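Predicted model, so just to flag it, every value in this text is computed and none were measured. Each ligand, and each atom within it, is numbered from 1 in the order the structure gives. FYI, side chains are in, hydrogens and waters are out, and symmetry mates aren't considered; it's all heavy atoms of this structure.
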Amino acid sequence: MSEYRPTIGLEIHAELATRTKMFCDCMNAPEGAEVNANTCPVCVAHPGTLPTINKEAVRHVLRVGTAIGGAVADYAEFDRKSYFYPDIPKGYQISQYEHPLIKGGELAGVAVTRIHLEEDTARSSHNTVKGVSLVDFNRAGVPLMELVTEPVIHDAETAGVFARELQLLLRTLGASHANLEKGEMRVEANISVSKNENFGTKVEVKNLNSFRSVERAIAFEIARQSKLLDEGGIVVQETRGWDEGGQKTFSQRAKEGSADYRYFPEPDLPKLLLSEVAEFSPESISAAMPELPWERRARYQSLGLKETDAVQLSSSVTRSVFFDKVITEANSESSLLSLAANYLISDVAGWYSKSEKEEFSGLETDTFVELMRMIENKDLSSRGAKDVLQHMLENGGNPMEIAKSEGLIQVSDEGALVAAIRGVLEQNPSVAAEYKSGKDASLQYLVGQTMKATRGAGNPALIKELLVKEIG
Ligand code: ADP
Ligand code: ZN
Ligand code: MG
């Protein structure tokens with residue numbers, strides 16, 4: 001079975017975060033408070049209405065395309081993609097076919113074919129009990145970007161990495177909220193397997209509502225197709241759905257060919273000569289580009305962070321905004337930042353994942369960095385640091401004050417410790433003598449006594465070292 005080489009190409013849609021819809025002035029709020037609240041004659045397809053192009057949506061796509069190094073088209077146009085379905089009442093969707101906004105580019109090592117702009121469909125809901133189907137047009141005409149990759153992915157994990165990186169990019173650019181569970185980002189995977197250089201017949205899998213489903217559906221299809229071929233069967237080109245409960249794909253329908261869509265240029269919209277629009281110029285697009293995910297990771301690494309830490313800390317916009325404040329607060333000190341990275345990724349992220357709060361909300365960067373300094377200065381043991389941190393996450397507060405009131409300050413002041421040690425040795429001359437004559441356990445007893453004398457605040461490692469010296 002494993003001799004088959006899998007090939008995967010992704011088609012990813014993302015609802016763009018614009019103020020208004022793609023071709024009319026309705027609010028872009030697909031989850032509108034009320035059904036059909038955000039509609040007008042254009043987006044419910046009344047005859048005789050005319051669409052107008054939303055510049056903000058075009059700009060979002062040009063930004064995404066530029067970020068991945070794609071070529072912005074000199075000339076672009078919209079096309080009608082005809083099909084008949086209740087959620088697309090015009091009888092066609094306005095999309096782009098021969099002349100998309102972006103061609104080429106690369107993300108996470110995967111070559112991108114194109115990015116184009118289209119309109120989202122309405123949303124149908126079927127009530128089987130009442131035997132009715134209802135259509136909500138709040139989503140009809142919402143700007144939708146579609147990115148298509150080349151068939152250059154050969155395993156499920158790479159597909160997952162690509163999709164996650166695209167989500168992060170869309171969020172970094174503010175182009176889309178890109179939440180898979182909400183359908184703001186929709187991943188479709190085309191999968192084939194083959195034993196030679198020629199591609200096998202591909203199957204398209206839809207309804208992938210999480211990154212995990214993307215990876216599992218691909219792995220499932222690779223196994224299904226390989227087994228089918230091994231048993232002498234053939235793979236039919238079709239669209240399959242992902243059954244989350246059953247963790248398997250199932251046949252939905254035979255795939256339409258592009259001829260079925262009868263694409264032709266949309267006569268009601270102007271052609272786009274992008275180079276003639278000042279705000280679409282490469283200079284204007286590049287000038288407004290924020291730091292991109294891979295640039296941010298490289299910057300974190302240049303500050304001394306391990307690659308895995310850099311990846312973790314830039315895996316969401318919230319995290320990187322927080323960590324950037326930590327960097328400022330810590331004056332970019334490398335050792336302090338690595339320490340902070342450790343605590344943020346393990347203890348802090350772990351605490352938030354169990355709480356109801358949004359990650360890192362309520363945690364102040366200045367007091368957090370102060371805590372890191374206390375750990376670095378050995379004012380706190382690692383156990384004590386965890387207690388103080390827990391306290392800060394639960395109730396806020398200043399780490400030094402918390403540590404003092406909880407009696408967690410660790411004394412590493414040699415003078416104070418030596419004074420305590422001398423007192424202990426004076427009271428326990430026989431134990432000290434035992435240690436000198438080779439009884440190692442006696443030293444542990446003396447460390448314990450010194451800890452007691454410092455009321456638990458002494459740094460035990462340092463006490464041990466000083467005791468050995470004092471006994472001579
Ligand atoms: P279609 O004409 O059926 O839409 P395209 O050539 O436009 O097919 O490709 C659609 C998607 O399928 C792209 O992401 C592409 O990379 C991918 N793809 C094309 N051929 C294959 C194949 N044999 N195996 C896996 N993916 C493929
Ligand atoms: Zn409208
Ligand atoms: Mg195609």
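- Short contacts between ligand 1 and G9, defined as distances under 4.0 Å to a heavy atom of the residue, involve ligand atoms 14 (O), 16 (O), 17 (C), 26 (N).
- Between the choices R114, E11, K202, the shortest heavy-atom distance to atom 1 (P) of ligand 1 belongs to K202.
- Counted by atom type alone, E118 and H116 present one or more donor-acceptor pairs between their side chains at under 3.5 Å.
- A side-chain donor from one of R139 and T121 sits under 3.5 Å from a side-chain acceptor of the other.
- Between E279 and R63 there is no salt bridge, since no side-chain N of the basic residue sits under 4.0 Å from a carboxylate O of the acidic one.
- Listed by number with element, the atoms of ligand 1 under 4.0 angstrom from any heavy atom of G200 are 23 (N).
- For ligand 1, the atoms lying closer than 4.0 Å to a non-hydrogen atom of E150 are 16 (O).
- Seen from the Zn ion (ligand 2), atom SG on C24 and atom SG on C43 lie at an angle near 110° (rounded to 10 degrees).
- When heavy-atom distances to ligand 1 are checked against a 4.0 Å cut-off, L10 comes that close only through its backbone atoms N, CA, C and O.
- In summary, the atoms of ligand 1 found under 4.0 Å from a heavy atom of V148, numbered by their order in the structure, are 13 (C), 14 (O).
- The nearest non-hydrogen atom to atom 11 (C) of ligand 1, considering only T7, T239, N190, comes from N190.
- With respect to R186 and E15, a salt bridge is recorded, a charged nitrogen being found less than 4.0 Å from a carboxylate O.
- Between R299 and D324 a salt bridge is recorded (basic side-chain N to carboxylate O distance below 4.0 Å).
- Between R240 and E221 there is a salt bridge, since a side-chain N of the basic residue sits under 4.0 Å from a carboxylate O of the acidic one.
- Between P151 and ligand 1, at least one N/O pair is under 3.5 Å apart.
- If you number the atoms of ligand 1 from 1 as listed, the ones under 4.0 Å from a heavy atom of F199 come out as 23 (N).
- Taking the six-membered ring where tryptophan is involved, the planes of F360 and F322 are tilted, since the angle between them lies from 30° to 60°.
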